[in-house]
Trainee: 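Mind having a look at this structure? Questions to follow.
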Amino acid sequence: MSTIQQQAHQRSPGSRRGRTPAPPQARRAVASGTFGSALEWFDFAVYGAMAATVFPALFFTGMGEAAGLLASFATFGVGFFARPLGGIVFGHLGDKVGRRRILLVTFVSMGLASLVIGLLPSVSQIGVAAPVLLVAMRFVQGFALGGEATGAQLMTMEHAPGDRRAFYGALMAMGSPISQVAANLALTLLSATLSEQAFMSWGWRVPFLASILLVAVGVYIRFKVEETPVFREDVAEAAAATSTPAEVLRGHGATIVRLILAFSPIVITFYVVSVYGLSYLTGIGFSRSQTFTIVTIANLCSVVAIWCGGRAADRFGRRRVLMTGSAGTLVAAVVFFPVVGTGSFPAALLMVSFALVCAQFGNAGQGALFAEAFPTRMRYTGSALALTGTNLLFAAPAPFLASWLLDVSGGSTLGITVFWAVTIVVALLVMARMGDYRTLEGERHHFDGRRDADLADGRDPDRADDGGADPAGDHADDRADDRADDRAEQATPTSNALSAAPRQADHTVGGV
């Protein structure tokens with residue numbers, strides 16, 4: 001029996017029986033991925049904080065306060081524009097040569113780019129070369145993270161037991177708030193112990209320069225993790241028939257668009273609150289130390305939300321968790337600025353915490369939902385395109401648009417609220433018509449509260465929108481076959497599990 005067939009016998013998510021024991025490589029992979037993800041996002045988090053507070057004065061002087069802030073946020077967005085390119089390149093290579101090798105490359109690239117940023121002279125010292133080099137290093141950061149963010153999730157989930165894949169994928173999402181906490185603690189400490197002049201001169205460089213130590217530790221950990229069993233099972237096929245990015249887009253384009261829209265509430269909320277929010281809070285009277293403290297406490301709370309969301313996604317379904325978190329971000333979008341605008345520290349702390357907790361709870365369902373949408377030989381590429389596409393369209397513009405809308409409206413936050421809330425409403429409508437996908441082995445999920453295999457209207461969303469394209473080469477079952485399979489599953493569950501793998505191409509499960 002093959003590895004994938006053995007995994008098919010693991011209990012379905014949502015079952016109340018004991019969890020499947022995690023093999024040593026799964027524990028090693030989750031430790032490596034969580035730590036590595038935190039290190040990668042630490043660099044991104046520090047840059048985001050510096051873009052809002054330091055870089056306008058060091059690299060964009062002479063432009064005026066508002067224009068300098070816009071230019072600084074524009075360089076922050078460069079990293080997001082680089083992510084899809086990194087996702088395409090590293091995703092294709094990861095589907096062809098394996099996840100492990102690619103993750104070593106992305107990790108080192110990110111760390112070296114951050115090291116260079118920490119050594120950059122200001123515009124007063126080398127002129128226009130300073131912002132040009134800053135943008136170039138930001139591009140390298142984004143390019144590397146385009147492959148890292150998806151690869152770390154896949155490495156972990158493909159090693160994980162079948163009944164805990166969403167939870168293991170959610171642990172990767174913890175890298176974001178953990179890194180936010182670490183970055184803001186470091187910046188709070190530096191701000192509290194250094195004078196304004198010292199911080200602006202060299203204090204801001206310390207977190208970037210520390211990357212070289214983080215890279216050394218991270219590389220050591222990643223060398224201890226083996227290639228994933230799911231990829232090894234298909235390695236011969238992958239080498240001969242790895243899909244190109246163009247083939248992934250042709251065959252799964254509608255799926256990628258749906259995933260981009262579904263994940264947009266989480267992304268836009270995170271970047272409006274944790275990146276633009278830094279500038280907004282300081283602009284209405286909060287000190288830099290108070291602002292960093294608010295974001296740090298909020299991110300600590302969101303770590304707990306990710307943990308709970310990962311557990312819930314394995315029990316109740318990935319889409320349900322994503323929709324629940326998104327509904328919470330809609331509430332946050334409507335009340336965020338009125339509450340924070342009161343100038344009350346406790347009120348601002350509660351509001352920022354609520355927004356990030358909702359976003360990160362929903363974020364816990366993203367990893368498994370994206371991975372299960374694609375077969376093995378195009379999983380890295382497809383997942384990376386969906387994830388980086390969301391960041392390109394919604395994360396990159398969010399701080400810039402928020403700052404611009406506030407400026408053109410004469411200080412009114414109504415435009416930001418409308419832009420934020422409308423994006424979330426559209427996403428919720430898209431998710432209402434989606435279903436969860438099959439497992440990585442092509443099995444149906446059986447979540448608590450429903451059987452996703454029981455189609456409400458017989459639709460297969462991917463086939464309906466993609467024109468019936470099935471890149472894996474197999475034909476999807478129609479509704480009658482699904483019902484027949486359900487009857488056979490009740491009679492002979494073992495034979496049904498063994499027969500599911502050849503039908504992996506029929507990955508989608510209808511909306512409920």
Side-chain angles (χ1 to χ4, degrees), residues 39-90 105-149 179 183 187 190 197-212 214-215 271 275-276 278-279 388 391-404 407:
L39 298 185
E40 298 283 357
W41 282 101
F42 176 82
D43 290 334
F44 243 62
V46 170
Y47 193 103
M50 294 300 99
T53 57
V54 173
F55 289 167
L58 293 181
F59 296 98
F60 304 100
T61 56
M63 301 179 64
E65 183 178 350
L69 183 61
L70 287 172
S72 182
F73 280 145
T75 66
F76 182 74
V78 167
F80 293 101
F81 283 98
R83 283 193 196 183
L85 181 59
I88 290 172
V89 173
F90 291 123
V105 174
T106 59
F107 192 86
V108 172
S109 299
M110 183 84 172
L112 292 179
S114 297
L115 178 64
V116 173
I117 290 175
L119 297 173
L120 279 180
S122 67
V123 70
S124 64
Q125 294 172 301
I126 62 172
V128 71
V132 169
L133 288 172
L134 180 66
V135 170
M137 291 303 100
R138 179 62 177 166
F139 185 90
V140 173
Q141 280 186 323
F143 186 81
L145 191 54
E148 167 68 25
S179 65
L187 295 173
L190 290 168
Q197 182 179 2
F199 183 82
M200 295 295 290
S201 175
W202 60 268
W204 68 270
R205 302 177 185 273
V206 173
F208 290 107
L209 296 176
S211 295
I212 193 65
L214 304 180
V215 169
Y271 284 96
V275 178
Y276 174 74
L278 292 175
S279 174
T388 59
N391 284 305
L392 173 64
L393 296 176
F394 297 99
F400 181 90
L401 280 176
S403 182
W404 177 77
D407 186 47

Trainee: Can you confirm whether Phe208 sits close enough to Val46 that some side-chain heavy atom of one is under 4.5 Å from a side-chain heavy atom of the other?
Mentor: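 Yes, at least one pair of side-chain atoms sits under 4.5 Å.
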Trainee: Would you say that more than 12 heavy atoms from the other residues, nucleotides or ligands in this model lie under 6.0 Å from the CD of Gln125, or not?
Mentor: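 Enclosed: over 12 neighbouring heavy atoms sit under 6.0 Å from CD of Gln125.
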Trainee: Contact between Phe59 and Val54 at the side-chain level, heavy atoms closer than 4.5 Å - yes or no?
Mentor: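 Heavy-atom side-chain distance check fails, nothing below 4.5 Å.
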Trainee: Just by modelled atom types, is the Val105 backbone N or O under 3.5 Å from a matching donor or acceptor in the Ser109 side chain?
Mentor: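 Yes, the answer is positive, given that a donor and an acceptor are paired below the 3.5 Å cut-off.
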Trainee: Which atom names give the shortest non-hydrogen contact between Pro397 and Leu393, and what distance separates them?
Mentor: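 Closest pair (atom of Pro397, atom of Leu393, distance): CG-O, 3.2 Å.
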Trainee: Could you name each residue pair satisfying side chain to side chain donor-acceptor pair (under 3.5 Å) that touches residues 127-137, not counting sequence neighbours?
Mentor: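 Those involving residues 127-137 do not exist here.
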Trainee: Measuring from atom CG of Leu112 to atom CD1 of Ile117, what distance do you get when rounded to the nearest 0.5 angstrom?
Mentor: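 Those atoms lie 11.5 Å apart.
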Trainee: Start with the C-alpha distance between Leu119 and Leu209, add both sets of side-chain angles, then the distance that settles side-chain contact (heavy atoms from CB on, under 4.5 Å), and finish with yes or no.
Mentor: CA-CA 8 Å; Leu119 297 173; Leu209 296 176; 3.5 Å; yes
Trainee: Output the distance between atom CD (Gln197) and atom CZ (Phe199), rounded to the nearest 0.5 Å.
Mentor: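 Answer for the CD-CZ pair, Gln197 versus Phe199, is 13.5 Å.
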Trainee: Which heavy atom in Val140 sits nearest to a heavy atom in Ala113, and how many Å separate them?
Mentor: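 Closest heavy-atom pair between Val140 and Ala113: CG1-CB, 3.7 Å.
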Trainee: Looking at every heavy atom in both Pro131 and Gly127, which two are closest together, and how far apart are they?
Mentor: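 Heavy atoms of Pro131 and Gly127 come nearest at CD-O, 3.5 Å.
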Trainee: What residues form a side chain to side chain contact (heavy atoms under 4.5 Å, CB included) with Ala136, not counting sequence neighbours?
Mentor: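 Not a single residue meets the side chain to side chain contact (heavy atoms under 4.5 Å, CB included) criterion with Ala136.
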Trainee: If you round to the nearest 0.5 Å, how far is CD1 of Ile126 from CG of Leu120?
Mentor: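 Between atom CG of Leu120 and atom CD1 of Ile126 there are 6.5 Å.
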Trainee: Is there a donor-acceptor contact under 3.5 Å from the side chain of Trp204 to the main chain of Met200?
Mentor: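 Yes; judged by distance alone, with no hydrogens or angles, the pair exists.
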Trainee: My understanding is that only residues two or more places apart in sequence, or in another chain, count here; which of them pass ring pair (Phe, Tyr, Trp, His ring centres under 6.0 Å) with Phe143?
Mentor: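 With neighbours one apart ignored, the set is Phe90.
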Trainee: Side chains of residues 78-88: which donor-acceptor partners sit under 3.5 Å, not counting sequence neighbours?
Mentor:
{"from": "Arg83", "atom 1": "NH1", "to": "Asn391", "atom 2": "OD1", "distance (Å)": "3.3"}

Trainee: Report the C-alpha distance between Val123 and Leu58 in whole Å, list the side-chain angles of each, state the deciding distance to 0.1 Å, and finish with yes or no for side-chain contact (heavy atoms from CB on, under 4.5 Å).
Mentor: CA-CA 6 Å; Val123 70; Leu58 293 181; over 6 Å; no
Trainee: Go through the structure and list residues passing side-chain hydrogen bond (donor to acceptor under 3.5 Å, both in side chains) with Ser114, not counting sequence neighbours.
Mentor: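 Applying side-chain hydrogen bond (donor to acceptor under 3.5 Å, both in side chains) to Ser114 gives Asp43, Gln141.
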Trainee: According to side-chain hydrogen bond (donor to acceptor under 3.5 Å, both in side chains), who are the partners of Ser124, at least two apart in sequence or on a separate chain?
Mentor: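 Ser124 satisfies side-chain hydrogen bond (donor to acceptor under 3.5 Å, both in side chains) with Ser122 once adjacent residues are dropped.
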Trainee: Mind checking side chain to side chain contact (heavy atoms under 4.5 Å, CB included) for Val206 and listing every partner two or more places apart, or none if nothing turns up?
Mentor: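 Partners of Val206 under the side chain to side chain contact (heavy atoms under 4.5 Å, CB included) test: Leu190, Trp202.
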